[in-house]
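The block underneath contains the structure these notes are about, expressed in structure tokens.
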Amino acid sequence: MDKVHLDIFQPQQVKLQDDFDHVIVPGIEGDFGISIGHTPFITMLRPGVISAYKGDKVDNYAIHDGFVTVEDDKVVITCQTIEAAAEIDAQRAKKAKQRAEKRLQAPPDSSDIDFRRAELALKRSLVRLSLKES
Amino acid sequence: MANTRDIKNRIDSVKSTRQITNAMKMVAAAKLRRSQEKILAARPYADNINKMLRKLKLKNKFTEHQLLYPNQDAARNAFVFVTSDRGLCGGFNSMISKRALIYLEEHKNTDIICIGKKGYDYIRQHTNLEITEKYFNFFNEMDFSISKQIADDLLKKFLKGDYGKIDILYNEFKSAIQQNIITKQLLPIVPAENEEISTLDFIYEPDDNTIISELGEKYIEVEIWRIMLESSAAEQGARMTAMDSATDNADELVEELTLKYNQVRQSSITKEIIEISSGAEALK
């Protein structure tokens, strides 16, 4: 078999189980592609886009955190939030982006947690928007 | 002897109780199915987190990562006690509450964390121990974010070094008529050794310790989620069985009362006939 198998698991559901030619994943230390024969690998993920290629078709997913395991041509992604391009509400993402930007411009005396939260929210909305516009 | 009207009233009231217990049985059955579906849906995720953690533990045999090794310096331990928020579910809460008291008897210097109202009430009534933290009304909504919140609270305290270890006591769903009471060590993490894992040499990014921290956090989140779903399934199963036998009992009672009602009615008729006939006899 010359395909990699991709599983995406969430606490609430099994999101996806399918075979692909290759998969591109946003690892914490950089994006990387997985084709057959990839070396065994475990990494954390950063907010970004997962692209799964099959023939000339490509499926895109926005992901925010989680882990990926590569073993025996099987790719397993365990994460809490993941959305297919079609599931993303561009309007909502845009509003979230504006909200986050506004918060980040606030005077720096506000607490660190709020700042970090806004930063993460901004990252999430940017990932969603990038997927929607591509 | 009771008169016919009293018995008639009893029959009516038993019948309306029967209706309620029967409805509760149906609702419990539906909720049980929902909990079971959620348990099944969470399993691949949980298994996979567990597998990754085991691989990391295997590779880092001598790690002293805080999430994997007991904290000897801590003065206290913690005890998480999972019960239901509502009653009318047979021995579901009382059995586990008795077990909790035995545990607390054996383990002094333990902070108590209650998930579910019934267990909280029981400990308050039967001991004068202080309850550190309580979480109610999870079981209505059954949302992952709630168990995540609980996990985050526990982790925060554990990582601060407040506790040497955290145990959890809960009901596991075995079948609708059977629950197993389980005591389990939650932290430090002991990954379940349920299946073979490969001993391949993995590349890890970033470093092992960061992954262990991050994975451990996710592990506790999903573990709490799983335990709460188990407990909820067990609760609904127990309630279903309890309400089923309550409905059966009501049926029996109605039958008995109807028999009695007929007897009383019959004997009053007989009495009246005797009175009339003896009256007629006296007039002769």
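Per chain, numbering begins at 1; letters A, B, ... match sequence-line order. These figures come from a predicted structure and were not determined experimentally.
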Inset, instruction - Compute the ring centroids of B/Phe81 and B/Tyr103, then answer whether they are less than 6.0 Å apart. - result: no

Legend entry - Toward chain A, the part of B/Glu37 with a non-hydrogen atom under 4.5 Å: neither

Inset, instruction - Report the residue from A/Ile24, A/Thr39, A/Val70 that forms a side-chain contact (heavy atoms from CB on, under 4.5 Å) with A/Ile34. - result: A/Val70

Legend entry - Options A/Val14, A/Ile8, A/Ile28, ranked by heavy-atom pairs under 4.5 Å with chain B, top entry: A/Ile28

Legend entry - Heavy-atom contact with chain B under 4.5 Å, split by part of A/Ile42: both

Legend entry - chain B contact via A/Gln10 - which portion, at a heavy-atom distance below 4.5 Å: backbone

Inset, instruction - Working to the nearest 0.5 Å, report the span between CD1 of B/Ile112 and CZ of B/Phe79. - result: 7.5 Å

Inset, instruction - Ignoring hydrogens and angles, tell me if any N or O in the side chain of B/Ser213 forms a donor-acceptor pair with the backbone of B/Asn209 under 3.5 Å. - result: yes

Inset, instruction - Determine, for B/Lys218 against B/Glu214, whether the closest basic-nitrogen to carboxylate-oxygen distance falls under 4.0 angstrom. - result: yes

Legend entry - Structural part of B/Lys148 lying under 4.5 Å from a heavy atom of chain A: side chain

Legend entry - Which portion of A/Thr78 sits near chain B, non-hydrogen atoms under 4.5 angstrom: both

Inset, instruction - Heavy-atom distances under 4.5 Å only: say whether A/Asp65 touches chain B with side chain, backbone, both or neither. - result: side chain

Inset, instruction - Using only heavy-atom distances, determine whether the side chains of A/Ser51 and A/Asn60 contain a donor-acceptor pair under 3.5 Å. - result: yes

Legend entry - Part of B/Leu40 lying under 4.5 Å from any heavy atom of chain A: neither

Inset, instruction - Using the salt bridge (Lys or Arg N to Asp or Glu O under 4.0 Å) rule, take B/Asp162 and B/Lys160 through it: C-alpha gap first, then chi angles, then the decisive distance, then the call. - result: CA-CA 6 Å; B/Asp162 286 1; B/Lys160 228 171 59 190; 3.7 Å; yes

Legend entry - Residue among B/Ala42, B/Pro44, B/Ala46 with most heavy-atom pairs under 4.5 Å to chain A: B/Pro44

